[in-house]
Protein chains: 2
Amino acid sequence: MLTYTKFIQTNPFPILVSMTHYQIFRNIQKHISLTEAEKQHIISQCDVLDIQKKQRILEQGKLCKKLYFVESGSLRAFNLSAEGKESTIMFAVKDWWITDMNSFVNQKPALLSIEALEPCQIISLDFHVLEQHYQFIPKLERFFRIIFQNAYIREQLRALQSISLTTEERYRQFVENYPAIVEKVTQKQIASYLGVTPEFLSSVKKK
Amino acid sequence: MLTYTKFIQTNPFPILVSMTHYQIFRNIQKHISLTEAEKQHIISQCDVLDIQKKQRILEQGKLCKKLYFVESGSLRAFNLSAEGKESTIMFAVKDWWITDMNSFVNQKPALLSIEALEPCQIISLDFHVLEQHYQFIPKLERFFRIIFQNAYIREQLRALQSISLTTEERYRQFVENYPAIVEKVTQKQIASYLGVTPEFLSSVKKK
DNA sequence: CCTAAAAATTAAGATAGTTTAAGACCGCGC
DNA sequence: GCGCGGTCTTAAACTATCTTAATTTTTAGG
């Protein structure tokens with residue numbers, strides 16, 4: 001096994017910077033532990049991107065080749081229907097993963113566009129690079145097993161709420177569960193996440 | 001590595017039955033490969049259950065300790081609201097996994113009851129046993145990573161459809177995506193999956 | 001084969017949500 | 001400091017969906 005010390009001795013890079021300042025590693029290490037060498041290896045294969053407000057990192061209809069982690073800022077993933085109606089699928093704030101997972105995993109055209117709500121720093125992982133990481137750092141399988149497990153649980157709860165609760169109840173739940181998001185997004189975007197018109201959400205809130 | 005032949009020679013069990021007749025291993029081996037010894041190990045820690053129509057394997061409000069795989073038959077997972085309204089979260093037919101994942105993973109009270117729609121043979125995996133399997137057969141992390149990844153993709157698509165499509169469109173999608181399920185369940189249950197009343201679904205179908 | 005119970009259909013009146021349109025209120029670039 | 005575009009609110013008319021209840025059809029069990 002490649003230890004930290006051994007890595008330093010054999011390090012092809014002149015300087016080994018500790019990776020602890022990256023939020024992404026704090027995120028990963030909530031579930032598995034990584035050596036400094038592994039972190040160095042991972043980050044060396046990532047792109048760290050600064051993007052502006054309204055900039056899009058994925059365009060509906062294209063192939064999605066990247067998985068994104070949000071170091072700072074916030075983004076929105078949404079679908080635009082043939083009739084021009086936007087439906088927000090998810091918001092991502094600091095410390096969240098985001099992509100069009102179906103497009104990323106199955107290399108199908110994206111149903112979603114992803115757009116920055118404010119200036120963001122994000123880390124992008126390429127599809128093929130991630131597949132290699134799974135081979136060389138198998139504990140990443142465990143990490144993403146847990147990530148997807150939680151994502152599945154969240155989405156299933158959302159599906160339940162969306163078929164069983166009234167709009168008012170769903171709005172309350174949203175505000176309660178995601179207070180950090182409520183502060184960053186417009187009411188129109190919340191409406192498009194709940195699946196109602198902004199006018200109707202406005203009238204629901206009045207009560 | 002423990003091969004099949006070597007396993008027979010050292011097998012503590014008097015008879016080694018090939019496990020290929022279990023659907024669950026065909027399911028697992030869609031994504032990873034298992035040795036006969038590993039299959040034997042896994043199955044020895046499972047319960048294979050035969051349950052009758054209408055029998056419940058999970059009751060809303062209780063702790064869910066098991067993950068289920070459907071060898072044959074079909075089941076339904078649903079939530080019963082305080083007002084007495086049933087919402088169907090998922091159907092599971094042959095070759096599907098089913099449980100209240102939030103309850104199973106986080107050991108919280110179940111939001112769902114799970115009930116057989118017909119006589120079923122199911123395989124049940126205990127929570128703690130699965131955690132041990134992850135340790136001793138790490139490739140199971142990969143298997144469930146893929147399973148949860150697909151489950152997440154499906155649920156996210158469902159969430160999108162439920163906020164963006166009309167009832168008629170969602171009904172069409174359901175029939176198209178799950179023809180095997182449509183044949184086994186009542187229209188009332190489909191309505192409760194789509195989040196509409198049976199009366200309304202009936203009137204939608206008339207057109 | 002018969003019957004009771006559940007499911008499906010139909011229809012009328014009530015509620016939830018949309019559409020359209022108008023006016024008030026920003027925040028931002030010139 | 002002005003004007004422009006996007007957002008939020010309000011309201012009226014319209015459509016989708018629910019509720020209730022009655023009627024028919026299907027199903028399961030003895």
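Numbers restart at 1 for each chain; the letters A, B, ... are given by sequence-line order, proteins then strands.
- In this entry the distance linking NZ of A:Lys53 with P of C:dG27 reads 11 Å, nearest Å.
- Nucleotide C:dG27 holds its P atom 15 Å from the NZ atom of A:Lys54, rounded to whole Å.
- Taking the side chain to side chain donor-acceptor pair (under 3.5 Å) definition, one finds that B:Lys139 meets it with B:Glu38, sequence neighbours left out.
- Checked against ring-ring contact (aromatic ring centres under 6.0 Å, His included), A:Tyr68 has no partners two or more places apart in sequence or in another chain.
- Side-chain atoms of A:Ser87 and A:Ser192 include no donor-acceptor pair closer than 3.5 Å.
- Rounded to an integer number of Å, the gap from NZ of A:Lys184 to P of D:dT7 is 18 Å.
- For the pair A:Glu199 CD and C:dG23 P, the interatomic distance rounds to 16 Å; values are reported in whole Å.
- The distance between atom CD of A:Gln187 and atom C1' of C:dC25, rounded to the nearest whole Å, is 14 Å.
- Just one of B:Phe25, B:Phe143, B:Trp97, B:Tyr22 meets the ring-ring contact (aromatic ring centres under 6.0 Å, His included) condition when paired with B:Phe69; it is B:Trp97.
- Atoms CD1 (B:Ile163) and C1' (C:dT18) sit 16 Å apart, rounded to a whole Å.
- Between A:Phe91 and A:Tyr193, the ring center distance clears the sub-6.0 Å criterion.
- Rounded to an integer number of Å, the gap from CD of B:Gln52 to P of D:dA28 is 15 Å.
- Inspection of the A:Arg170 and A:Gln173 side chains reveals no N or O donor paired with an N or O acceptor under 3.5 Å.
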Could I get a table of every N or O pair under 3.5 Å where one atom is in the protein and the other is in nucleotides 13-17 of chain C?
from	atom 1	to	atom 2	distance (Å)
C:dG17	OP1	A:Thr167	OG1	3.1

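- In this entry the distance linking NZ of A:Lys188 with P of D:dG6 reads 8 Å, nearest Å.
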